[in-house]
Amino acid sequence: MDKRRKEKKEQVQAYTYILQFSINMIVPILACTFFGYWLDGKLGTSFLVIVGFFLGALSGGTSIYKISKKMIKRDETSWTYPVVDEKKEDRADHD
């Protein structure tokens, strides 16, 4: 039962990450594209919508990169390293 609960928790966590990545990518793209479209209407230009799209994509990508870096760092600290643990035990035996 405990194994099943752990698997369920990992699934929920994975879905949460997917949702967070999606939101962090879609919202900046839509907001910057809309702002570029609005500016195009006010200024009478036709290229700011494209600039807004790429700025939003850059912003979303940067956000996802930062989140991924934090996730990897957190996961690395929770991993067990059997080789390192064995070496620590060997040193303790020699002292």
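Quick caveat: nothing in here was measured; it's all calculated off a predicted structure.
Val51 and Leu43 end up in the same hydrophobic cluster when Ile, Leu, Val, Met, Phe, Trp and Tyr side chains are linked at under 4.5 Å. One hydrophobic cluster, built from ILVMFWY side chains closer than 4.5 Å, cannot hold both Ile50 and Leu39; they sit in different ones. Both Ile67 and Met25 are members of a single hydrophobic cluster when ILVMFWY side chains are connected at heavy-atom separations under 4.5 Å. A continuous path of Ile, Leu, Val, Met, Phe, Trp and Tyr side chains, each step under 4.5 Å between heavy atoms, connects Val27 with Leu19, placing both in one hydrophobic cluster. In the hydrophobic clustering of ILVMFWY residues, with side-chain heavy atoms under 4.5 Å counting as a link, Ile23 and Leu30 come out apart.
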Evaluate Gln13 against Tyr17 for side-chain hydrogen bond (donor to acceptor under 3.5 Å, both in side chains), listing each step before the verdict. CA-CA 6 Å; Gln13 190 175 19; Tyr17 288 147; 3.0 Å; yes
Would Lys3 and Glu7 count as a side chain to side chain contact (heavy atoms under 4.5 Å, CB included) if you check the C-alpha gap in whole Å, the side-chain angles of each, and the deciding distance to 0.1 Å? CA-CA 6 Å; Lys3 182 179 178 182; Glu7 289 175 0; 3.5 Å; yes
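Note: Ile26 CD1 to Thr33 OG1 = 12.0 Å, rounded to the nearest 0.5 Å. Interatomic distance, OG of Ser63 versus CD of Gln20, reported as 8.0 Å (0.5 Å rounding). The CG atom of Leu48 sits 12.0 Å away from atom SG of Cys32, with the distance rounded to the nearest 0.5 Å. For the atom pair CZ (Phe53) and CD1 (Ile29), the distance works out to 5.0 Å, reported to the nearest 0.5 Å.
Remark: side-chain polar atoms of Ser59 are not paired, donor with acceptor, to backbone N or O of Leu55 under 3.5 angstrom.
Phe35 CZ: 12 or fewer foreign heavy atoms inside a 6.0 Å radius.
Of all the heavy atoms in Leu58 and Thr62, the pair that sits closest is O-OG1, 2.8 Å. Closest approach of Val49 and Asp40 over heavy atoms only: N-OD2, 3.0 Å.
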